[in-house]
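Okay, so here's the structure we're looking at.
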Amino acid sequence: MNKDRSITILHILEDINMTHKIQKAKLFILFAATCLFAACNKTNETNKDMTQLSFSTEQAAAMTAIACNEAKGDLVALEPAIHSGLDAGLTINQVKEALSQLYAYTGFPRSLNALGVLQKIVESQKSKVESIIEGKETSPLPSDFDALKEGTRVQTMLTGQPFNYDFAPQEDYYLKAHLFGDIFARDILTYTDRELITVSALAGLEGVEPQLKAHIVGARNMGVTEEQLQGIVVALTANSLFAEAGRVAALLQTEWQKGAPNSAYAQFFVGNSYLRPYYGGVANVTFEPACRNNWHIHHGAVQVLVCVSGKGWYQEWGQPAVPLTPGTVIAIPEGVKHWHGAAADSWMQHLAIHTQEQPGASNEWLEPVSDEQYQAINK
């Protein structure tokens with residue numbers, strides 16, 4: 001077994017294949033069945049509420065994967081994500097609109113490449129009996145439409161207060177008149193749809209945490225609920241986009257604190273931990289400094305850990321400890337004795353996802369990690 005279980009996103013799929021494959025389809029079905037986007041409302045197409053998500057559960061999950069893979073420029077993963085969305089009832093025009101909007105966030109090259117994938121899919125479907133749905137076009141804008149005025153109104157809704165980028169007035173104009181004016185006025189997608197798409201896309205980009213954080217706040221202002229934002233995290237994990245899920249989860253935890261005391265499992269921890277369960281089998285666990293769980297074994301399941309903030313440790317029996325830092329992804333094979341927790345001088349937070357679950361899957365809790373064992377790796 002690889003002694004270094006620290007896995008970057010570039011190697012996660014390869015490493016999981018070396019241990020146990022994650023059954024993405026099973027996780028996706030679980031995610032959909034638990035209604036992560038339970039607050040989604042299918043709105044009347046002729047009288048669409050722009051502050052309501054118009055996607056169904058399955059459509060929202062697929063759109064999350066579409067947007068994130070577009071941002072990453074991963075055209076191989078984008079194609080099945082688009083197929084999933086169309087199978088779930090997204091229309092060609094909805095997907096086209098989402099990919100067109102994303103040029104403002106990810107650039108024309110990636111937007112055009114993604115549209116090329118969609119075009120190839122559409123053309124390949126023309127000869128099939130089970131045709132995909134082209135869908136409704138956006139409503140015409142009124143003849144007296146004032147893009148700057150409308151964009152200023154929409155941007156104020158998004159930010160919660162008037163926003164002026166005085167340092168670069170031309171950029172301020174582009175944001176107001178074009179992005180939040182011309183683009184957001186197209187009613188084929190609601191404001192809420194567009195923010196879900198934007199957050200999902202920004203999760204796929206490194207180094208844009210300030211914009212991701214701003215759009216998470218903006219998504220809430222536009223009507224996206226906490227459960228729907230958590231749904232983005234779970235949809236990303238369902239598509240093996242673990243580091244991307246971690247970026248969103250880290251900011252959600254900042255917004256909604258660390259969760260409730262993990263009292264049900266306190267007997268298996270040294271120190272205090274906190275739990276914020278998500279739907280679909282994903283949990284966000286926070287460890288105070290020096291807190292760690294006991295040695296334990298997962299029987300009949302593979303566990304994936306995604307460190308989203310702070311510093312910590314993961315260790316397998318007989319192996320050196322591996323540092324956990326934001327973005328670290330660990331795939332824990334079934335049957336391996338291990339522990340994980342925070343560093344002595346830092347809080348640590350990670351997502352925990354169970355996959356490859358078999359009937360009768362269970363955790364076997366063992367002895368605590370002794371102070372001597374713990375101090376040895378914190379020197």
Side-chain angles (χ1 to χ4, degrees), residues 36-37 39-40 50-55 60-61 63-73 94 97-107 110-111 114 150-165 168 171-172 174-186 189-237 241 243-256 278 284 308-309 326-327:
L36 282 166
F37 295 97
C40 300
M50 298 297 279
T51 61
Q52 290 289 325
L53 201 64
S54 66
F55 305 136
M63 192 61 90
T64 292
I66 289 169
C68 189
N69 283 310
E70 186 275 354
K72 288 167 59 66
Q94 283 176 320
E97 184 71 18
L99 297 177
S100 297
Q101 171 193 319
L102 287 179
Y103 96 82
Y105 297 97
T106 66
R110 290 190 175 180
S111 176
E150 175 63 11
T152 300
R153 182 188 72 82
V154 172
Q155 187 188 50
T156 302
M157 284 179 62
L158 181 76
T159 58
Q161 59 186 0
F163 176 85
N164 294 294
Y165 193 33
E171 185 86 351
D172 188 62
Y174 295 150
L175 286 169
K176 287 182 169 68
H178 183 50
L179 175 56
F180 296 118
D182 292 330
I183 295 178
F184 268 58
R186 293 171 57 82
L189 297 175
T190 68
Y191 301 153
T192 312
D193 296 340
R194 292 185 185 278
E195 281 307 295
L196 179 140
I197 290 164
T198 301
V199 170
S200 300
L202 293 177
L205 299 175
E206 295 185 20
V208 297
E209 283 77 13
Q211 290 76 27
L212 177 57
K213 181 177 181 179
H215 275 282
I216 286 174
V217 173
R220 295 181 69 195
N221 290 339
M222 288 300 199
V224 180
T225 67
E226 179 182 354
E227 290 75 17
Q228 290 165 350
L229 286 168
Q230 290 180 2
I232 294 174
V233 175
V234 180
L236 292 173
T237 63
L241 295 163
E244 292 79 2
R247 291 179 193 132
V248 179
L251 294 173
L252 290 184
Q253 203 77 338
T254 299
E255 291 295 318
W256 287 292
Y278 290 179
N284 203 331
V308 297
S309 66

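The first residue in the sequence is number 1, and the count goes up from there. Not measured: the values here are computed from a predicted model.
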Subject >> For the student: nearest non-hydrogen atoms of Ala71 and Ala201, plus distance >> reply: CB-O, 3.1 Å
Original post:
What are the two closest non-hydrogen atoms of Leu229 and Ala219, and how far apart are they?
Top reply: CD2-CB, 4.3 Å
Original post:
If you look at every heavy atom in Lys72 and Gly204, which pair is closest and at what distance?
Top reply: CG-O, 3.4 Å
Subject >> Those residues that, when tested against Tyr105, pass side chain to side chain donor-acceptor pair (under 3.5 Å) (two or more places apart) >> reply: none
Subject >> Over all atoms of both residues, closest heavy-atom pair of Ser309 and Pro326 >> reply: CA-CG, 3.8 Å
**OP:** Output all residues satisfying side-chain contact (heavy atoms from CB on, under 4.5 Å) with Ala114, sequence neighbours left out; order by chain, then residue number.
**Re:** Glu70, Leu78, Leu99
Original post:
Mind checking what makes side-chain contact (heavy atoms from CB on, under 4.5 Å) contact with Asp172, not counting sequence neighbours?
Top reply: Phe163, Asn164, Tyr165, Lys176
**OP:** Any chance you could measure Glu226, atom CD, to Arg220, atom CZ, to the nearest 0.5 Å?
**Re:** 7.5 Å
**OP:** Starting from the C-alpha separation in whole Å, work towards a yes-or-no answer on side chain to side chain donor-acceptor pair (under 3.5 Å) for Gln211 and Thr198.
**Re:** CA-CA 10 Å; Gln211 290 76 27; Thr198 301; over 6 Å; no
**OP:** List in chain and number order the residues that pass side chain to side chain donor-acceptor pair (under 3.5 Å) with Thr192, two or more places apart in sequence or in another chain; answer none if no residue qualifies.
**Re:** none
Original post:
Roughly how far, to the nearest 0.5 Å, is the CG atom of Leu251 from the CG atom of Leu212?
Top reply: 5.0 Å
Original post:
How would you list, by chain and number, every residue that makes a salt bridge (charged side-chain N to carboxylate O under 4.0 Å, His left out) with Arg194, sequence neighbours excluded?
Top reply: Glu97
Subject >> side-chain contact (heavy atoms from CB on, under 4.5 Å) partners for Ala214, two or more places apart >> reply: none
Subject >> Sub-4.5 Å side-chain heavy-atom contact between Val154 and Met222 >> reply: yes
**OP:** Give every residue pair that meets the ring pair (Phe, Tyr, Trp, His ring centres under 6.0 Å) criterion with at least one member in residues 191-211, sequence neighbours excluded.
**Re:** none
Original post:
In chain order, what residues pass the side chain to side chain donor-acceptor pair (under 3.5 Å) check against Thr152, with sequence neighbours excluded?
Top reply: none
Subject >> Considering all heavy atoms, the nearest Val308-Ala249 contact >> reply: CG1-CB, 4.1 Å
Subject >> Partner set under side-chain contact (heavy atoms from CB on, under 4.5 Å) for Ala203, not counting sequence neighbours >> reply: Leu236, Glu244, Val248
Original post:
For the side chain of Asn221 and the backbone of Gly218, is there at least one donor-acceptor N/O pair under 3.5 Å apart?
Top reply: no
**OP:** Only counting residues at least two apart or in another chain, list the ones meeting salt bridge (charged side-chain N to carboxylate O under 4.0 Å, His left out) with Asp182.
**Re:** none
Subject >> By salt bridge (charged side-chain N to carboxylate O under 4.0 Å, His left out) - contacts of Glu150 (at least two apart) >> reply: Arg153
Subject >> Heavy-atom side-chain contact between Asn69 and Leu241 under 4.5 Å >> reply: yes
**OP:** Sequence neighbours left out, what passes side chain to side chain donor-acceptor pair (under 3.5 Å) with Thr51? Give chain and number order.
**Re:** Asp49
Original post:
If you measure from CZ on Arg247 to CD on Glu209, what distance do you get to the nearest 0.5 Å?
Top reply: 6.5 Å
Original post:
Donor-acceptor pair, Thr190 side chain versus Gln52 backbone, under 3.5 Å?
Top reply: yes
